[in-house]
Each structure stands twice: as structure tokens, then as C-alpha cells.
Amino acid sequence: MTGAPAWQRYGDSVALLAGLVLLWWLLALWAGEEALTGPAETLARARELAGSRRFHAHVAESLAALGYALLLAALGGLALGTWLGVRPLAGQVAEPILVALYALPKITLYPVILLIFGLGLPAKVAFGAIHGVIPVTIFTLNAVRTIRPVYLKVARTLRLTPWQAFRTVWLPAALPEIVSGQRVGFALTLLGVLIGEMFASQRGIGFVIINAIGLNDVPTIMAAAFLLAVFAATVSAILLKIDRALHRRTARA
Amino acid sequence: MTLAAVAGPGLRAGEAHAALRGVTRIFPPADRRQAPVHALGPVDLDLAHGEFLAVVGPSGCGKSTLLEILAGLSAPTGGTVTFEGAAVQGSPPDGVGVVFQEDASFPWLTVWDNVAFGLRRAGVDAAETARRVDHALGFMGLTGFARAYPAQLSGGMRQRVCIARTLVLEPRLILLDEPFGALDQQTRLLMGDELLRLWRDTGATILLITHALDEAAMLSDRIGVMSARPGRFIDMVATGWPRERDSTIVADAAFGEVTARLWSSLRAESLKALGGER
Amino acid sequence: MTRAGWIRVALVAGAVAALELATRAGWIDPHTIIPPSAMAAALAGLVVSGAILPDIAKTLSNVAAAFVLSVAGGFLLGLVIHAAPRLRRALDPLLATYYAVPFFVFYPLLIVVFGMSDLPIIVIGFLFGVVAMIIATLNGLDRVPRVALKVARLARMDAVSTALVIKFPAATPYLFTGIKLAVAYSFIGVIASEFILSGAGLGYAIAYAYNNFDNPRMYALMLFILVSVTAVNMVLHTLEQRMLRRRGLVR
Ligand SMILES: Nc1ncnc2c1ncn2[C@@H]1O[C@H](COP(=O)(O)OP(=O)(O)OP(=O)(O)O)[C@@H](O)[C@H]1O
Ligand SMILES: [Mg+2]
């Protein structure tokens, strides 16, 4: 994976992106204005949105919901996953349930969430958190469970206290996989918050999108989706970098 | 086929540093279709204070199982384990160091931090930690790799990191499970010399599991020969070497006698182990 | 069944019983959640009357189509991408951010491309599932032991038989992860699009029931989805465990 010069790595990514934009442009030409806005028009509309005060309020609203939801999903999933990983029986009992919940289209739960939380921020946060917490838990559980037994034997022969063993052996051994889980958790939490906003709110990016879908305002849909993608890609890229660094360090020949 | 406890030279059983009495280990079956695996014993063994004992035996005969029981990492199915007069029950006692058969270096720590790991947990102060780690890296030939991560090392170098990590703690009982398995013959001999020197300097008791008969013969005071699974001691060979010794002993005439005796004890068992595996 | 299995059954049964009790005793507002027994009764009624069978058939066939497409497509694309390290390096950041993009915003486009049919929904399910399968395939191919590939080269195997005889079996545990995710995402993609956009299928039926304050029907449909997702998962789980046990990968 390493060894390629930096210019080539970035060059390839840029070339790929350029190819995708070209494809987008061709598709827009072929499908027509009312189905798909081309790259230039989308960018123009995105600029317009990014400059408008109303849109800023929506962004702030979404970020707040995302923040709370991420906090719940990341920490809750980490704690739950670690506990299930450390207790083999609890892990065996819980894993199939978690996987089934993961596969459940959580959007169908949205009426229940609404009935419980009502319209507004709590419903959005709850929606984001239930999307994110399960993958984080599953990844963390597997990360903790697949720690090589010999590491734990070392911890025992050195007579570490449970807390010492957790901090200096379990956690670092599982960290690369845990970060991968947080990465997936971020993407799904964001998706959950957006879906929540589409139905359970009059504010936020999700609302902007569903509103535009209702009005068949394709440029706004595209521009909002574009801005979202840029945001998600930036955060993911940062997490990916951390992820890679951790995995590379621990990779075995 | 004697199962009697074989005491170390000049020591009565009551004074043993560590002792196994009637120890067995039976692994429960993984699922209903399998039978339980009788891996070990019954085994009786006394390790005298400051003794260097090697254990040889066919692959899969229960050597690692024996070591884990002695270390308190797993409980025997039957029998008792004592270390320094106290019973060992399911958790490793203080003063025991283990080098595992598999690579147990922590990939998230540098070589230096790996070796310092146990010292830091034990609360040894920074200056002393640095002194001991640097010394250990020196005699393990890893000084130039202090800042490297294990992933950047060869298999043999990683194993040396693990050996150093255990030895810097100056354990009173050192259990080594084929520690030199990943090393070439020359490095093996030199590491053996280092181990002998450390053994003399610290007065530690050592149990070394190995598959190399010459290594066992060269390093130890006594060599326990194990049968095919379930492993039992079928022979106990005293080498009679002086405490001051090193790898040049391989040239000694008596050395050939020791290895010859080991091989004659083992040959039938190794064949049995192979046959049983087929 | 294993001990964990029994505990799991007891746990789920206990949770259902607790919910039943809480709703019957009025601790939970019956306008919010109805008793599980009422959900089951409503579902039985719907199935017997045949009222939702067309929706079920539509949704399940769309899920199946999306699933098959994403597994087959994901595996093939994974093979191709794995063989082209430069492409892969360039693609990696995109794959990593993929799931944060809400695809159903492209529904209008998909309708233009594929027309007003089930196809746009299947495509959304496919778009959801395919990337999980690609990632799992890449992961699995990465973990084929190098020595196994050396063995293949010594045996002078060609690329195709190496892929089939060495790479595919070696990567199977990871492919299974991808297959399980592909099932999950096919369900999610199809039902979410029905819910948001479409005029038919289980997702739509739930949204419709909700908007008409028809709680029993809504919960009956949710129960049906829960049960079918769980059933599919159990089958996959059993197959996976069998494979893992044979390889000694189950502790
Ligand atoms: N966790 C386990 N579960 C079931 N059986 C086991 C387990 N660990 C070891 N065994 C069995 O116990 C026997 C002894 O294993 P052990 O690892 O002690 O052998 P060994 O003498 O160290 O072999 P080697 O020289 O190859 O390292 C083996 O035959 C193995 O099948
Ligand atoms: Mg062994």
C-alpha cells in the first residue's frame, strides 16, 4: 500500500474525481435539467446556499443534532461493545441480536420515535444515535473479542490490575478496529440525523432536502447533497487517516 | 516408565522452588461430536532453587500446557501446583516470568516501550527503567532498533524483544516456551550463553521448553523427557555440568552422551506421536 | 442449542413479556406502543385477509434483487479493484465516505433513467449494498496468506484457478461479512425508499398506516419486517458458523 510517490497518489485521486465529475456532467446532459443538475449549476446553487443566512441556521441545527447523536453513539457503542467483548457469554448472547437490529430498516421505527419524542431536536438525536450506536458496538465487540489471547496472558503474568490491563493492553490492542467502527458509526449517525430531519423537524439540512424534493427543486437537492458529501468526505478522510496510521503501525509482516 | 518425582541435585522435595503433584489437564471437547483431549499428565515435578531444567518432548505432547499450568495461567484438571511454598491457583504468582511460544510483542509499542512495559506497570522509577531496558536491549542485540515497531522486525528479533521484556523484570522463576525457535543456530548458541550468564548472575530458577536436543543438553542441569500425548516424564537426565559453562560445551565428549541418551528416550515417543497424528 | 442461544431466547422473550405487561398495565400509552400480542394478532389478520400480500411480495422481491445484484456486483468489482492497486488507492477515500451520502435524493434522477417501475428502488438497494460487499471482498483478498499465493504459483496455477481455488476460499470469512451487510443494506435501501418515495411496498404501507393513525397495522408491518430480517439473518448466521467451525475459527 505504501511506496507510491505522493504526486501519484493525489494525482490518481484527482483523476478519479475528475472522471466522476465528467460522468455527472454527461449524465446531466442526457437526463436533462429537471432530473439532474450539472456540476456547474450545482456548484453555483451550493454557493448561493452557503451564502444565505437561512441556510446557516439549518446547518447549525443539523450540526448540533449530529454532535449530540455522535456523542451518544460513539461513547455508548464503545462502552457497550467493550463490555460485551470482555464477557464472552454476554457477547455471544448479544451479537445476533445486534446484527438483526443493524439490518432492521430503522426508518420504519421513525413513527415510534416521533410518538415517544415528538417533533424536534430529541427525535433527531435519537434517530441519529440508533443508527450509529449499533455498528460502533458491533465493531468494538469484535475488536475486543479478537485480541490475541497471548497479549492477555502477558497481562496476567505481569499481574496487571484490571484497569491497568484494560488501559495498556486491551484498549491499544483493539484500537485500530475501534477507530474503524467509529468511522462507520459517523457515516451512519449522519445519515440517521438527516433522515430524522426529513420527517421529524422543520429545520436542518434534512428538512431542506425533503422540502426541495416536495417542490421538485432539483438544483437545491443536488446542492445540499453536494455540500453534505463534501462535509462527510472531509470528516471521513480525517478519521481514515487516523485509522490507516493505527493499522499500519500494528500490521504484521 | 517412572512417574516418581525426581528431585533436583541435593535437594529434598520439601525445599523445591516450584512443584507439580499429580498434575493433569484434560481439554473439554469443542462440540458434542468430539472427545475430550487428555493433553497432560499425571505429572510430578520438582524444580530446585536456582536449577536450570529443560523439557523436551514430541510436538503436541503437552509442554506448553505444562508451562501454562506452572505459570498459573490455567488451572490443572487434577493435581496441585506450588511456587515458593504457596499453592498456585488460577492466577500467576509474583516473581514468575514467561516467554511464550508465539510472538507476544505488542505491535502498538516501540521495541523500547515493549521492553519497559512490565517495569513501568511495576512502578519502577524512570532512571532505573531506562538503565535496565538499555542493558537488556544491548545483550539482545536490539540497541539499534529501540525506536522501531515490532512490525518492522524479523520474527527472531520480535522473539528477542519478548525475551528482553520478561528478563528485565528479573523474575525468580523464568519459564521459557521454545524461546529460540525463530532464531538461527548461531544466534541460538549465543542467546543460550546470555541466558546462562543471566541465570548465574541472578540465581533464578529456569524451566526451558525446547525442541532442540542439543540446546537442552548444552544449557541445563537436568532434562525432562516427555512421552507422546498425554505427556508424562519418561526420563530425567542429569547432565552434571559445572555452573560455570557456556556453548563451548558442545565440544565435550559427555555432551554427545547426553544427546544420545535423549534421542534414544525420545525416538519411540516421537514415532508414536507422529503415528497418532495420522 | 447452545447456552448463549437459550439465554438469548429467554432475554428476547422477557423483553416481549415486559413490553406486553407495560402496555397492558397502562405504564406505556397505548397510543404510543401497542402490546406485542396485539401486534401479532394484527399481523395474523393482515396475512389471513391477504391485504398486504402484494406489498410483501413486492418488497421481498425487490430486496432479493438488490441483494443478488450487490453481492455479485460487489464481488466482481472487488476483484477488479484489488487487481489495480492505483485505482484502489484513489478510490479508498470515496468508499470510506460513501455511506454518509443519502442516496434517495437521487430518486428523481433514477426515475428519469429507469422509468416509473421497481427498478429505481432496486438500484437504491443495490447502491447501498454493493459498497459493503466491495469493501468486504477487498478485505478478504488482502488477508489471503501470502504463502498460499506462493503455493499457487509453485503449482503453476493460472489467475482464474488461483482466484477460485485459493483466493475465494481463503477470503470466505470476510465475504460472509459482506454478504450479511449486503442483506442488511438491501432491506434498508429498499424499505427506506418505499417509505420516503414510493407508492407501494411494506415501507409505503407503514408510512400510510402511520399517517392514518392506524397503529395496529403499522406495528404489525414493523413486526413482519423484524421477523423476516431476523429469519434471513439466522440462516446466514448458521451457515457462517458452520463454515467458521470447520476452519477452527470459532472460540
Ligand atoms: N485450548 C485447547 N483446547 C483443546 N485442546 C488443546 C488446547 N490447547 C492444547 N490442546 C491440546 O493439548 C495438546 C498439547 O498441547 P500443547 O500446546 O501443550 O503441546 P506442545 O507440547 O506445546 O506442542 P508443541 O511442541 O507443538 O508446541 C495438543 O495435542 C492439543 O491438541
Ligand atoms: Mg507448545
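Just so you know, these numbers use all the heavy atoms, side chains as well, and skip hydrogens, waters and symmetry mates. Naming: A, B, ... by sequence-line order, numbering from 1 per chain.
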Practice task
Return yes when atom CD of Gln164(A) has more than 12 non-hydrogen atoms of other residues, nucleotides or ligands closer than 6.0 Å, and no otherwise.
Solution key: yes

Completion exercise
Phe106(B) and Val154(A) have their tightest heavy-atom pair at CZ-CG1, 3.9 Å

Problem - More than 12 heavy atoms from other groups under 6.0 Å of OH on Tyr68(A) - result: no

Problem - Region of Leu169(B) in contact with chain A, defined by heavy-atom distances below 4.5 Å - result: side chain

Handout entry: Shortest non-hydrogen separation from Arg156(A) to Pro92(B) and the atoms involved
Key = O-CG, 3.3 Å

Problem - Arg120(B), part contacting chain A, at a heavy-atom distance under 4.5 Å - result: neither

Practice task
Identify the heavy atoms of Lys153(A) and Leu73(B) that sit nearest to each other, and give their distance.
Solution key: O-CD2, 3.8 Å

Practice task
Test side-chain contact (heavy atoms from CB on, under 4.5 Å) on Leu171(A) and Trp108(B) and set out the steps.
Solution key: CA-CA 10 Å; Leu171(A) 201 60; Trp108(B) 58 89; over 6 Å; no

Practice task
Heavy-atom distances under 4.5 Å only: say whether Ala173(A) touches chain B with side chain, backbone, both or neither.
Solution key: both

Problem - Engaged part of Gln101(B) at the chain A interface, taking heavy atoms whose separation is under 4.5 Å - result: neither

Problem - Top contributor to chain B interface from Leu175(A), Leu160(A), Thr161(A), Thr157(A) [non-hydrogen pairs under 4.5 Å] - result: Thr157(A)

Exercise for the section: Nearest 0.5 Å please: distance from the CG atom of Leu109(B) over to the OG1 atom of Thr168(A). Expected result: 8.5 Å

Handout entry: Residue, of Pro93(B), Ala122(B), Pro171(B), that accumulates the most heavy atom pairs under 4.5 Å with chain A
Key = Pro93(B)

Exercise for the section: Report, as yes or no, whether the 6.0 Å neighbourhood of atom NE2 on His38(B) holds more than 12 heavy atoms from other residues, nucleotides or ligands. Expected result: yes

Problem - Polar side-chain atom of Arg148(A) near backbone of Ala104(B) as donor-acceptor pair, under 3.5 Å - result: no

Exercise for the section: To the nearest 0.5 Å, tell me how far Leu158(A) CG sits from Thr166(B) OG1. Expected result: 7.5 Å

Practice task
Taking atom CZ of Phe139(B) as the centre, report whether more than 12 heavy atoms of other residues, nucleotides or ligands fall under 6.0 Å from it.
Solution key: yes

Problem - Flag if over 12 foreign heavy atoms under 6.0 Å of CZ, Arg167(A) - result: yes

Handout entry: Side chains of Pro149(A) and Phe100(B) in contact at under 4.5 Å (non-hydrogen atoms)
Key = no

